[in-house]
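Quick note on labels: first sequence line is chain A, next is B, and so on, each numbered from 1. Values below: every heavy atom of this structure, side chains too, minus hydrogens, waters and symmetry copies.
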There are 2 protein chains.
Amino acid sequence: MSQFIRLTMDDIARLANVSKTTASLVLNGRSAEYRIAESTKERVLAIAREHHFQPSQSAKTLRSRKSGTLGLLVPELSNFAHASLAQALEPLCREAGYQLLVMSSNEQASMETAGIEHLLTRQVDGLIVVPCSSDATQYLKWSLRLPLVFVDRHIKDCPIPFVVTDAIDAVTSLVVQAIAAGSREVVYFGGQADLSPSQDRLAGYRKGLELSGMTEQEHWVWQRDYLRPSGYSMMAECYERLGHYPDSLFTGSLTLLEGALAYINEKQNGSPAHLMTFDDHNLLNCLPWGIQSVVQDSQRLASESLVRVLKLMQGETVDSAWISASLHQRP
Amino acid sequence: MSQFIRLTMDDIARLANVSKTTASLVLNGRSAEYRIAESTKERVLAIAREHHFQPSQSAKTLRSRKSGTLGLLVPELSNFAHASLAQALEPLCREAGYQLLVMSSNEQASMETAGIEHLLTRQVDGLIVVPCSSDATQYLKWSLRLPLVFVDRHIKDCPIPFVVTDAIDAVTSLVVQAIAAGSREVVYFGGQADLSPSQDRLAGYRKGLELSGMTEQEHWVWQRDYLRPSGYSMMAECYERLGHYPDSLFTGSLTLLEGALAYINEKQNGSPAHLMTFDDHNLLNCLPWGIQSVVQDSQRLASESLVRVLKLMQGETVDSAWISASLHQRP
DNA sequence: TTGTAAGCGTTATCAG
DNA sequence: CTGATAACGCTTACAA
């Protein structure tokens, strides 16, 4: 492709009648530091502007051994929570002088592995991952090779720092509220039981029951995965088991809620009085039920995880963080 | 950061007792081509595997003048349509041997400019953009510097190839259906009138009216932007002007629909009998109205735009494409 | 205040 | 079949 040509710093230097060094110094804003003559500086800058000079990032990276990129690996970009995270993280990275590389693992451990290896090849300076496996050893190996932070999910007993939503408290208060409002039967639909968010959400649910002096009954807790059809089938089976809809239903994700509502709409045989879900979406405002939802703070999830990779990159050690969520209450 | 070390190809070569050249050949799968001894090959590969050798992408890029990356610039990652596009594009790029760099412009022309310049610095080999300005000259300049394809939106009279949804036909049939079902008043809410998708959607609406022998009345077409509050205010003003809800309402985006529904839910004074919207979401299944929606084919939008940048990168000229959308009908 | 020269890790050319 | 050696475009001691 010679159709698209680029000028190099050498070219700029030649055109401005200075050496590579001078050009480099000026173009990197270090002219003051080296007391480059104002006139020289202006000349170089003018030429550079005029010719749309773009320094080669690869040469910089090669020389400086820093790529100026950070990687973000999420299971699904079409998952609203993860998309919001990427959306929030991208400008923050740019401000911090880094380019964000976003990849998705499609919720498959194998693709995740490939993705991380790929990002390593690309020499990302740091990595933020929403892990989709719970195999700590694998991640530990990577964490020896580059700064690694988990976000949204963490792995039990794994020393890699993480930034996750404090689901427990949020879910607890939701459950407590529902019971205070008169619910006597509170059912929980969740996803993969081995994922940390699932565990946290379930723990929150159980704590809510406990605080309200209620004892968990058989067929109150259902766990499968976060796919829509699972929401549908759990609702179907739950209805069949109980013989009616529970007073209250908490779903661990929007997709599960969608599945459950699909069943409810299809059967037209009633519905739970209280609906609660993890994660929020504006369309929830438009539903005929007043759904209570837990809103994750993707802005803070993003900034806190960025701060942590940046610190790791400077050799500091960092702690993990629980980001509190807020509730979106609907009448 | 000496904490995280990497082996270079030189190291591998030394450990395997071969030269850089041989190591390079083997590691790039060109051993057959150069008839490298099987034993040598195995030795090199074994060492490389054992030491987790990661070739430096920057060195490769520098030498080969190809970065192996493609850029995707979207206005908003939290917009479902754009997120789906990114999600669909990313694996395709990887299959094609490219790493996708996703950036978002926040729907601001200035950020878009900065983003493109940034990607140029990163030496992306090609660029796929959802343009957020309609200034053709600017984009034309860039298209001289690297292969550029528009997706989702195009710019009138701009020779840059684009891949967009064929909104006209889809919207037309939606409108025709609504009228066939008895609607006598069909209102249109749209976003920025200067964006091509807006124009197409409006054109589809008008064609639908025309085909049904209906004449557009005053206060039937409302255009502002695609933000949620605009949907709310257009609904409010429309209701006030007409004195009632129209039989049918078409919204140009989910956000506008959300806004309109927020008004409707808040006032509890009725609602349009037919609701239609551009773009689809699973939560639409859960609404108490049977909303008809236009489903964009993000998979094809992604693959067709990728094909086009790849062709441009090989110096071929390419045409634009309209991707047909499907309808998601709900009872 | 500016220039010279030595790499960074690869790939490519050309000899053995 | 394998090995020197020269770029690629940039940064940075070290000179001048």
- Message: Quick one, Asp297(B) and Thr165(B) - any side-chain contact, counting heavy atoms below 4.5 Å?
- Response: no
- Would Tyr98(B) and Leu306(B) satisfy side-chain contact (heavy atoms from CB on, under 4.5 Å), going step by step from the backbone distance to the final call? CA-CA 10 Å; Tyr98(B) 290 90; Leu306(B) 178 56; 5.8 Å; no
Considering only heavy side-chain atoms of Lys20(A), the closest of dT1(C), dA6(C), dG3(C) is dA6(C)
Subject >> Distance-only polar pair, side chains of Thr113(A) and Ser110(A), donor-acceptor under 3.5 Å >> reply: no
Can a side-chain donor-acceptor contact be found between Thr121(B) and Gln54(A) if the only test is distance below 3.5 angstrom? yes
Give every donor-acceptor pair under 3.5 Å between a side-chain atom in residues 24-41 of chain B and any protein atom, sequence neighbours left out.
from: Ser24(B); atom 1: OG; to: Asn28(B); atom 2: ND2; distance (Å): 3.4
from: Asn28(B); atom 1: ND2; to: Ser24(B); atom 2: O; distance (Å): 2.9

Residue pairs passing the salt bridge (charged side-chain N to carboxylate O under 4.0 Å, His left out) test with at least one member in residues 116-141 of chain B, sequence neighbours excluded, are Glu117(B)-Arg145(B)
Residue set satisfying ring-ring contact (aromatic ring centres under 6.0 Å, His included) with Phe80(B), at least two apart, ordered chain then number -> His281(B)
Between its two end axes (five pairs each) the helix from dT1(C)-dA16(D) to dG16(C)-dC1(D) turns, nearest 10 degrees, through 40°
- Task: Say whether Gln57(A) and Gln123(B), considering side chains only, have a donor N or O and an acceptor N or O under 3.5 Å apart.
- Result: no
Arg153(A) meets the salt bridge (charged side-chain N to carboxylate O under 4.0 Å, His left out) criterion, sequence neighbours left out, with Glu107(A)
Measure all distances between protein nitrogen or oxygen atoms and nitrogen or oxygen atoms of nucleotides 14-16 of chain C, and list the pairs falling under 3.5 Å.
none

Here the distance between atom P of dG7(C) and atom CG of Asp10(B), to the nearest Å, is 13 Å
Whole-Å distance, Arg14(A) CZ to dG3(C) P, equals 13 Å
When rounded to whole Å, the CG to C1' distance for the pair Leu62(B) and dG7(C) reads 12 Å
At a 4.0 Å cut-off to heavy atoms of chain B, the contacted part of DNA chain D spans dC1(D) to dG9(D)
Here the salt bridge (charged side-chain N to carboxylate O under 4.0 Å, His left out) pairs for residues 93-104 of chain B, sequence neighbours left out, are Glu90(B)-Arg94(B)
Phosphate OP1/OP2 of dT10(C): any Ser24(B) side-chain N/O under 4.0 Å: no
Minimum side-chain heavy-atom gap Asn106(A)-Gln87(B) below 4.5 Å: yes
Is there a side-chain contact between Arg35(A) and the phosphate of dT1(C), meaning an N or O under 4.0 Å from OP1 or OP2? yes
Residues of residues 41-56 of chain A with a heavy atom under 4.0 Å from any atom of DNA chain D, listed by number, are Phe53(A), Pro55(A), Ser56(A)
### Message
Measuring to OP1 and OP2 of dT2(C), would you say a side-chain N or O of Thr40(A) lies under 4.0 angstrom away?
### Response
yes
From CG of Leu27(B) across to C1' of dT10(C) the rounded distance in Å is 11 Å
For Arg300(A), the salt bridge (charged side-chain N to carboxylate O under 4.0 Å, His left out) test, sequence neighbours excluded, returns Glu304(A)
Margin query: Distance criterion of 3.5 Å, no angle test: do you see the side chain of Arg63(B) paired donor-to-acceptor with the base of dT10(C)?
Written below: no
Note: for Leu25(B) and Ser64(B) on DNA chain D, the residue whose nearest nucleotide lies more 5' is Leu25(B)
With sequence neighbours left out, the residues meeting ring-ring contact (aromatic ring centres under 6.0 Å, His included) with Phe162(A) are His154(A), Trp322(A)
Atom NZ of Lys60(A) and atom P of dG7(C) are separated, to the nearest Å, by 22 Å
With sequence neighbours left out, the residues meeting salt bridge (charged side-chain N to carboxylate O under 4.0 Å, His left out) with Asp194(A) are none
